Amino acid sequence: MRLVLFGPPGAGKGTQGLRLARDMGIPQIVTGDMLREAVAQGTGMGRKAGQYMEAGKLVPDEVVIGLIEERITAPDAANGFLLDGFPRNVAQAEAMTAMLARHGVALDRVVFMDASRDKLVDRLSGRLICKTCGFVFHRHYSPPREEGWCDQCGGELYQRDDDREDVIAQRLLVYEQQTAPLLEYYSLQPSFRRVDADGDMEGVYARLKKAVEA
Ligand code: AP5
C-alpha cells in the first residue's frame, strides 16, 4: 500500500500515521522529521531548511523532493509506505506522481485528515515530544505519567520551536495558501478519502483505518 496522509498541522497525521504504518507493516516517512534530523545534524541542507521551519514556512520544493525520491526508493519502501507531510503543495504532488510513474507504481490512497481550527491550535500548543525516542504526548489528551519525562524510554520531553503560538498561526496560514489546494488536486481521484479528524484518538483511528481499507 502506497499511502499519503495530508491535512493541516495538528490534524494527527504523525500520531495516527505511526499506528497505521505499524498495523500495516510499512514504513512511516515523515518529511518534517527528516528535515528536523538534518537541522539537528547541522548539514548544509539542514541549516537552509531550519530557517524556513523556524518561521513556519515551507522548505523549498527542490530540497524536499530530492529527499523524498531517495527515501521512497529505499529497499524498505519497496512494498509500500505511508507518507506524512509530503506532498505539501501542487508542485510537490505533480513531482510525486511523475516520480512514482518512473518507478512503474502509483498511490493507492490519499487521505485528507480534516479538523477544525480550534482543535488544531489546542493540539499543537499542548504537544510534547521525547528528546530521546521522539514519542509524542499531549499535555491534556495523552499526558505522560511523570510530568516532563517520557513513559516509553525515560527521556526528557520538549516543545517544538514551531509549536509557539505565533508560529502556529503562520503555519496554518501557509497551510491554507499552499497545502489546501491539494484537496482540489486529489479529490476527484479514486484513491482519495476524507476523514473527520476532530474527535478523540480512538474514534479518528477507527475512521482512518476504515477509509484506508475501503
Ligand atoms: P511537519 O513536522 O510535517 O509538521 P505539520 O504538518 O505542521 O504537522 P504536525 O507534525 O505539526 O502535526 P500532525 O498532524 O502530525 O499532528 P500530531 O499527530 O503530532 O512539518 C514541520 C515543518 O517542516 C513545516 O512547517 C515546513 O517548514 C517543513 N516541511 C515539512 N514537510 C515539508 C514539505 N513537504 N515541503 C516543504 N516544507 C516541509 O498531533 C499533534 C498533537 O495533538 C499531539 O500532541 C497529539 O498527541 C495530539 N492529538 C492528535 N490527534 C488527537 C486526537 N484525535 N485527540 C486528542 N489529541 C490528539
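Whatever order the structure lists them in is the order used to number ligands and atoms, beginning at 1. In this text the structure is predicted, and so the values were computed from the model without any measurement.
- In plain terms, the two heavy atoms of V204 and G199 that are nearest each other are CG2-O, 3.5 Å.
- Looking at residues two or more places apart in sequence or on another chain, you find a salt bridge (charged side-chain N to carboxylate O under 4.0 Å, His left out) between E69 and R102.
- Around atom CG of N79, no more than 12 heavy atoms belonging to other residues, nucleotides or ligands sit under 6.0 Å away.
- Contacts of Q178 classified as side chain to side chain contact (heavy atoms under 4.5 Å, CB included), with partners at least two apart in sequence or in another chain: L58, N89, V174.
- Residues of the protein with a heavy atom under 4.0 Å from ligand 1 are P8, P9, G10, A11, G12, K13, G14, T15, T31, G32, L35, R36, M53, K57, L58, V59, V64, G85, F86, R88, Q92, R123, L124, R127, V136, F137, H138, Y141, S142, R160, D162, R171, G199, D200, M201, V204, listed by chain and number.
- Residue pairs that meet the ring pair (Phe, Tyr, Trp, His ring centres under 6.0 Å) test with at least one member in residues 88-113, sequence neighbours left out, are F6-F112.
- Distance alone, capped at 3.5 Å, is enough to place a donor-acceptor pair between the T179 side chain and the R88 backbone.
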